[in-house]
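For reference, the structure discussed in these notes is given below.
Nothing fancy with the numbering, it's 1 onward along the sequence. Remember, it's a predicted structure, so these values are computed and weren't measured experimentally. All ligand and atom numbering here is 1-based and tracks the order in the structure.
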Amino acid sequence: MSIATMTLFHSPASPFVRKVLVLLHETGQVDRVELKTINLTPVNPVAELNADNPAGKIPALRLADGSVLFDSRVIVEYLDQQHVGSPLIPREGAARWRRLTLAALADAIMDAAVLTRYETFLRPQEKRWDEWVEAQQGKVRRGLENLEREHIAELHAVFDVAAIGVACGLGYLDLRMPDFGWRERQPKLAAWYAEVSQRASMVATDPARG
Ligand code: BEZ
């Protein structure tokens with residue numbers, strides 16, 4: 001019998017959805033959520049999702065009482081307060097702001113990579129804007145350089161909201177921008193990612209597994 005009381009609007013390729021799924025696995029809550037797969041692009045709105053989230057974006061989490069949480073930052077904060085293990089978002093102090101800022105950097109990398117994907121895959125060839133794609137990829141490059149230069153020790157310290165975000169962002173680069181070549185430029189980050197990719201939560205949510 002299912003013990004799911006929540007519904008997660010979901011697409012396996014979305015790195016923002018994966019972030020939520022990895023947190024669910026890491027905190028032992030995966031059985032509490034039923035997945036509702038949405039075939040979503042910015043030009044393919046889904047009425048049921050729009051009714052719950054006017055922004056029409058995933059992830060969105062419908063709770064048992066029918067209320068809906070979005071976006072991924074709000075959902076991970078909510079879910080992190082629903083389990084009894086060590087919090088994956090520090091509750092207070094300098095560590096909270098440090099880890100949330102690192103998580104925001106991971107989100108920015110994902111954002112720029114997803115926008116690159118939309119521009120290079122969805123938009124008709126004749127309407128593509130190369131400078132804009134280059135600018136998005138520049139954000140990804142700068143973000144990865146910053147992680148390599150300043151945050152490797154923090155990533156190794158704990159697999160929390162920040163590390164989960166970075167891992168999901170790197171997974172998305174491998175999925176949608178396989179020729180980006182980040183491993184050659186960021187070898188320390190690559191070594192860290194090789195390690196965390198083995199975690200059960202990352203293996204179970206790997207979009208390349210289908
Ligand atoms: C993708 O297919 O790359 C994708 C799907 C949903 C959200 C973001 C990205």
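- Heavy-atom proximity to Y118, at under 4.0 Å, picks out these atoms of ligand 1: 7 (C), 8 (C).
- The pair R62-E34 does not count as a salt bridge, with every side-chain nitrogen at least 4.0 angstrom from each carboxylate oxygen.
- Side-chain atoms of Q136 and T116 form no donor-acceptor pair, as typed in the model, at a separation below 3.5 Å.
- Among protein heavy atoms, atom 5 (C) of ligand 1 sits closest to S11 OG, 3.9 Å.
- What sits closest to atom 7 (C) of ligand 1 on the protein, heavy atoms only, is S14 CB, 3.5 Å.
- A salt bridge does not link E150 with R98: every distance from a Lys NZ or Arg NE/NH1/NH2 to an Asp or Glu carboxylate oxygen is 4.0 Å or more.
- Nearest non-hydrogen protein atom to atom 2 (O) of ligand 1 is R176 NH2, 2.7 Å.
- Less than 4.0 angstrom separates some heavy atom of Y172 from each of these atoms of ligand 1: 1 (C), 3 (O), 9 (C).
- When the heavy atoms of P15, P12, A13 are ranked by distance to atom 4 (C) of ligand 1, first place goes to A13.
- For the pair E148 and R185, the salt-bridge criterion is not met [side-chain N within less than 4.0 Å of a carboxylate O].
- Taking the side chain as every heavy atom from C-beta outward, Q186 and E145 approach each other to under 4.5 Å.
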